Amino acid sequence: MLGVISAAVFIVCITRWVYSWYNPRCTGKLPPGSMGLPMVGESFQFFAPNPSSDLPPFIKTRMKKYGSIFKTSLVTRPVIVSTDPDLNYFIFQQEGQMFQSWYPDTFTEIFGRQNVGSLHGFMYKYLKSMVLNLFGPESLKKMLPEVDQTARRKLENWSSMDSVEMKNATASLIFDLTAKKLISYDSDNSTEDLKENFAAFMRGLISFPLNIPGTAYNKCLQGRKKAMKMLKELLQERRHAPRKEQTDFFDYVLEELHKGGTILTEAIALDLMFVLLFASYETTSTAITLAIKFLSNHPAVLQALTEEHETILRNRENPDSELNWKEYKSMTFTFQVINETVRLANIVPGIFRRALKDVHFKGYTIPAGWAVMVCPPAVHLNPEKYKDPLSFNPWRWDGKDLNGATKTFMAFGGGMRFCVGTEFTKVQMAVFLHCLVTKYKWITIKGGDIVRTPGLQFPNGYHVQILEKDDASTKPKKATTTK
């Protein structure tokens, strides 16, 4: 008899739990949508590969069925998805009041509990000022010649090779630049390859959180563990042998840590370093690779871009002198190419926030505690905002804002959390394109296909042969890729 009662109670509890899953509590009207299967939600549909630049099927089908705002559940959390430009803008403007930066547990496991994306208020502003000290305009002006020299040196080296896989090659270039600025890391003279620990990160960062050996998520966590160990050892070495002058970000961090009453901790500093290195390895290199692919497929854009940069050379007293800040700021069409590339790249498929209180918008209620996912691709590929949105057309940016975020452009985020590394990203992309198109041509060897899971990847790489312009008539040799 007791067993029968226990079974009945268990069934009742499960039934009530399942009912509450499909019918979440809300003081107002929830947006339409489906919560998917209990616990799993619609995670598998969200992570399904999409070999297209168009909106992911997960978003596209639900927009058609439910409209621009809908509910779902991803990796055990209830989520409101916003593809509505007005709601997106409202969310960014209400940072810290109605909404707060939030990321799934998988993100915080990978980036660290003390990462800049998970901190709020004064602590976030404090870290933001630290990053601006490193990547602000004044620092970038001083860094510009080094970016120019590095790009020239790498391109000269690549031009002697039969084939270069651009994603890995540009990732290595940019990572080395950033790691040198952050921690004076020199890959050529280091016994350990720090960047190898970041190689599988994008696949694991936005993947189903199954922490079993062999899965993308598990490899991601192992990469973090190794990278953090190396960073901590480097920081300890610097503590024992401090420098007289501040030459990199580690020096700045150590100076802050030694101040009385500082709010900075070693754990926060290391998590910040990790996030900055990851961003340099993955996002900018992906954008550069996609830009090269677009330029290969659009000769008119390549011609206009080349003309802008050759004009810069013609206006110099010495054509071989290094790029300067005034020349960089004059690259109007280049910035249009960059904006159009990142609009179509949609490297960040979702920007997450958490509702701090019940929020009422356009007749719907976003319950307190629920996650909200702003969906940039839905805005960037909206035919009402961009004519022929899937086409690569830098001229669409003529006369438009090329710097900040707007309701229709959020490739670098928005609001008070607008990406502080935006200008650094643009410097790296613009300088690389300048060095590339003024001296080299390239021939596609193979690859270039993309897949989104939902992050952007090149599953077969993008292999090209780079040739000095005088030798550009040379036929491509047998493909051998760089590592």
Side-chain angles (χ1 to χ4, degrees), residues 26-28 30-31 68-69 71 74-75 77-136 256 261-265 267-269 271-272 274-276 278-279 283 348-362 364-376 378-379 401 403-424:
C26 179
T27 57
L30 277 171
S68 62
I69 305 170
K71 68 175 183 287
L74 304 174
V75 290
R77 286 295 302 256
V79 179
I80 301 295
V81 178
S82 171
T83 67
D84 184 289
D86 295 329
L87 178 54
N88 296 341
Y89 185 76
F90 178 74
I91 290 168
F92 290 142
Q93 295 305 307
Q94 293 296 318
E95 178 73 37
Q97 299 177 48
M98 292 186 174
F99 297 94
Q100 190 177 68
S101 177
W102 174 88
Y103 285 93
D105 290 342
T106 53
F107 281 57
T108 51
E109 285 295 325
I110 293 168
F111 284 140
R113 298 286 173 182
Q114 305 284 348
N115 82 81
V116 66
S118 299
L119 297 174
H120 311 287
F122 179 77
M123 193 69 216
Y124 170 75
K125 292 178 181 178
Y126 171 74
L127 291 183
K128 184 177 180 179
S129 69
M130 286 183 65
V131 177
L132 284 174
N133 182 68
L134 176 71
F135 293 129
E256 288 292 306
T262 181
I263 61 173
L264 184 67
T265 66
I268 293 173
D271 278 346
L272 176 62
F274 181 85
V275 169
L276 293 173
F278 166 76
T283 56
V348 178
I351 301 171
F352 290 92
R353 295 290 185 267
R354 182 172 65 89
L356 296 176
K357 58 182 76 173
D358 284 359
V359 178
H360 306 284
F361 193 88
K362 291 188 176 180
Y364 295 126
T365 296
I366 302 173
W370 276 47
V372 181
M373 188 184 88
V374 172
C375 182
V379 178
D401 180 21
N403 296 308
T406 66
K407 286 185 180 181
T408 57
F409 185 68
M410 52 187 67
F412 300 102
M416 66 174 289
R417 286 184 176 263
F418 184 76
C419 178
V420 293
T422 298
E423 194 66 40
F424 183 44

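All values reported here derive from a predicted model rather than from experimental measurement.
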- Task: Output, in order, the C-alpha distance, side-chain angles, deciding distance and verdict of side-chain contact (heavy atoms from CB on, under 4.5 Å) for K362 and D86.
- Result: CA-CA 10 Å; K362 291 188 176 180; D86 295 329; 3.3 Å; yes
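- Within the 4.5 Å cutoff, the side chain of K71 has no heavy atoms near those of the P78 side chain.
- Summarising the geometry, atom CZ belonging to R353 is positioned 15.5 Å from atom CE belonging to M98; distances are rounded to the nearest 0.5 Å.
- In terms of heavy atoms, L30 sits closest to T365 at CD2-O, 3.7 Å.
- Of all the heavy atoms in R77 and G369, the pair that sits closest is NH2-O, 2.9 Å.
- Considering CD of E256 and OG1 of T265, their distance stands at 12.0 Å, rounded to 0.5 Å.
- Closest of all the heavy-atom pairs between M410 and I351 is O-CD1, 4.2 Å.
- Within the model, atoms CE of M373 and CG of N88 stand 10.0 Å from one another, a figure rounded to the nearest 0.5 Å.
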- Message: What verdict does the side-chain contact (heavy atoms from CB on, under 4.5 Å) test give for L356 and Q97, after you've listed the backbone C-alpha separation in whole Å, the side-chain angles of each residue and the deciding distance to 0.1 Å?
- Response: CA-CA 7 Å; L356 296 176; Q97 299 177 48; over 6 Å; no
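- For F424, the ring-ring contact (aromatic ring centres under 6.0 Å, His included) partners at least two apart in sequence or on another chain are F135.
- One distance of note links CG of L87 with NZ of K407; it measures 11.0 Å at 0.5 Å rounding.
- Considering every non-hydrogen atom in both W370 and V79, the closest pair reads CE3-N, 4.1 Å.
- In terms of the side-chain contact (heavy atoms from CB on, under 4.5 Å) criterion, residue partners of T406 (sequence neighbours excluded) are, by chain and number, D401, T408, F409.
- Side-chain contact between Y364 and I80 is absent, with no heavy atoms from C-beta onward closer than 4.5 Å.
- S82 contributes no side-chain N or O that, together with a main-chain N or O of I69, makes up a donor-acceptor pair within less than 3.5 Å.
- For F90, the ring-ring contact (aromatic ring centres under 6.0 Å, His included) criterion is met by F361, not counting sequence neighbours.
- Minimum interatomic distance between A371 and W102 (heavy atoms only, all atoms of both residues): CB-CZ3, 3.4 Å.
- Heavy-atom minimum distance, P376 versus G350: CD-CA, 4.1 Å.
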